[in-house]
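Encoded as structure tokens, the structure appears first; notes follow it.
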Amino acid sequence: MNGLWRPRVLGAWKLPASGPAILAVNHSHNIDGPMVMGVSPRPTHFLIKKEAFIGPLGSFLTGIGQLQVDRTSADRGAITEALGILAGGGVLGIFPEGTRGEGDFASLRAGLAYFAVRSGAPIVPVAVLGSSERPGRLIKALPPLRSRVDVVFGDPFDAGDGSGRRTRAALDAATERIQKQLTGHLENARRLTGR
């Protein structure tokens, strides 16, 4: 990432140095996940759509510990693998909106709340800014080479209410809490970076 762009990483120290953690990353461009993987102070295992696991790229993603997920149904295999990473004290990366979009955390899917409540792992919000501002001249699908991309880590927080309940109502309440935290972090990251 440092060879192609100029990432500016803020708050990486906020990611707990050990134990399970979930990185909740906004997603507006294809490079957001690789950028976070490249600058994170700890190895991160992202849930990535199964469509990306084709040919040599699929072998590469599997080799670096990324998790294949079928977004059309509740993928029990991916869920089990992700919970295993957290149970082993690892870092799980999730795009809580489920797909690329505006990157504003406007519509969260329930997966993030489920993993956070079930594992008890803290959520660390991460805002990637600048990756989708303008297309590159050489490769239109990528940001301009050597352009600045900001990666801002936020304060870890617990999604659950402390009761340990995993009912539908508890997950819905956790999703609301998460959305407020992520939206607040994104606003703060924009102020901090001037983007």
Side-chain angles (χ1 to χ4, degrees), residues 1-48 66 86 90-109 111-113 115-117 119-137 139-160 173-195:
M1 292 295 113
N2 285 304
L4 297 174
W5 296 282
R6 292 183 303 120
R8 178 172 61 168
V9 183
L10 304 171
W13 57 270
K14 295 179 181 183
L15 176 61
S18 62
I22 300 171
L23 297 182
V25 184
N26 68 324
H27 195 24
S28 61
H29 197 282
N30 281 333
I31 71 157
D32 296 341
M35 183 64 70
V36 172
M37 281 183 241
V39 302
S40 176
R42 293 179 59 193
T44 304
H45 306 272
F46 269 90
L47 284 168
I48 301 173
Q66 305 314 305
L86 293 170
V91 179
L92 180 66
I94 295 180
F95 299 113
E97 294 170 292
T99 188
R100 222 175 28 250
E102 295 299 313
D104 58 3
F105 297 122
S107 60
L108 302 188
R109 296 177 77 177
L112 175 56
F115 287 120
V117 171
S119 70
I123 296 172
V124 178
V126 181
V128 180
L129 303 170
S131 60
S132 61
E133 285 180 349
R134 58 193 167 97
R137 288 191 313 233
I139 304 172
K140 299 284 184 212
L142 295 174
L145 297 177
R146 305 302 302 147
S147 64
R148 193 180 83 215
V149 177
D150 293 318
V151 181
V152 185
F153 289 77
D155 293 316
F157 66 92
D158 291 320
T175 299
E176 284 184 39
R177 278 191 294 281
I178 290 168
Q179 186 158 28
K180 285 179 187 170
Q181 291 278 353
L182 297 182
T183 302
H185 171 66
L186 186 59
E187 289 170 2
N188 185 50
R190 285 183 173 145
R191 270 194 306 274
L192 217 69
T193 61
R195 289 185 178 237

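All values below were derived from every heavy atom in this structure, side-chain atoms included, with hydrogens, water molecules and symmetry-related copies excluded.
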query = Are side-chain heavy atoms of Val25 and Val128 found at a separation under 4.5 Å?
reply = yes

key: Close side-chain approach of Leu23 and Ile94, heavy atoms under 4.5 Å   = no

request  = Answer yes or no: is there a side-chain heavy-atom contact under 4.5 Å between Ile123 and Gln181?
outcome  = no

task = Enter the distance from Leu129:CG to Asn26:CG here, rounded to the nearest 0.5 Å.
result = 6.0 Å

task = Quick one: pull up CD1 in Ile22 and OG in Ser119 and give me the separation to the nearest 0.5 Å.
result = 4.5 Å

query = What are the two closest non-hydrogen atoms of Ala127 and Ala189, and how far apart are they?
reply = CB-CB, 3.7 Å

ask   = Does any non-hydrogen side-chain atom of Val124 lie less than 4.5 Å from one of Phe157?
value = no

Audit row: Arg195, Arg148, side-chain contact (heavy atoms from CB on, under 4.5 Å) steps and yes/no = CA-CA 11 Å; Arg195 289 185 178 237; Arg148 193 180 83 215; 3.3 Å; yes

ask   = Are any non-hydrogen side-chain atoms of Ile178 and Leu112 less than 4.5 angstrom apart?
value = yes

query = Which value, rounded to the nearest 0.5 Å, describes the distance between Leu182 atom CG and Leu186 atom CG?
reply = 8.5 Å

Between side-chain atoms of residues 5-12 and protein atoms elsewhere (two or more places apart, or another chain), which donor-acceptor pairs fall under 3.5 Å?
from: Trp5; atom 1: NE1; to: Pro143; atom 2: O; distance (Å): 3.2
from: Trp5; atom 1: NE1; to: Pro144; atom 2: O; distance (Å): 3.2
from: Arg6; atom 1: NE; to: Arg146; atom 2: O; distance (Å): 2.7
from: Arg8; atom 1: NE; to: Asp150; atom 2: OD1; distance (Å): 2.7
from: Arg8; atom 1: NH2; to: Asp150; atom 2: OD1; distance (Å): 3.2
from: Arg8; atom 1: NH2; to: Asp150; atom 2: OD2; distance (Å): 3.2

inquiry  = In the structure I gave you, are the side-chain heavy atoms of Val152 and Val126 within less than 4.5 Å of one another anywhere?
reply    = no

key: Smallest separation among heavy atoms of Leu86 and Ala21, with atom names   = CD2-O, 3.5 Å

Using atom types as modelled, flag every donor-acceptor pair under 3.5 Å from a side chain in residues 33-47 to any protein atom, sequence neighbours excluded.
from: Ser40; atom 1: OG; to: Arg42; atom 2: N; distance (Å): 3.3
from: Ser40; atom 1: OG; to: Arg42; atom 2: O; distance (Å): 2.9
from: Ser40; atom 1: OG; to: Thr44; atom 2: OG1; distance (Å): 3.3
from: Arg42; atom 1: NH1; to: Pro16; atom 2: O; distance (Å): 2.8
from: Arg42; atom 1: NH1; to: Gly19; atom 2: O; distance (Å): 2.9
from: Arg42; atom 1: NH2; to: Gly19; atom 2: O; distance (Å): 2.9
from: Arg42; atom 1: NH2; to: Gly89; atom 2: O; distance (Å): 2.7
from: Thr44; atom 1: OG1; to: Arg42; atom 2: O; distance (Å): 3.1
from: His45; atom 1: ND1; to: Gly65; atom 2: O; distance (Å): 2.7

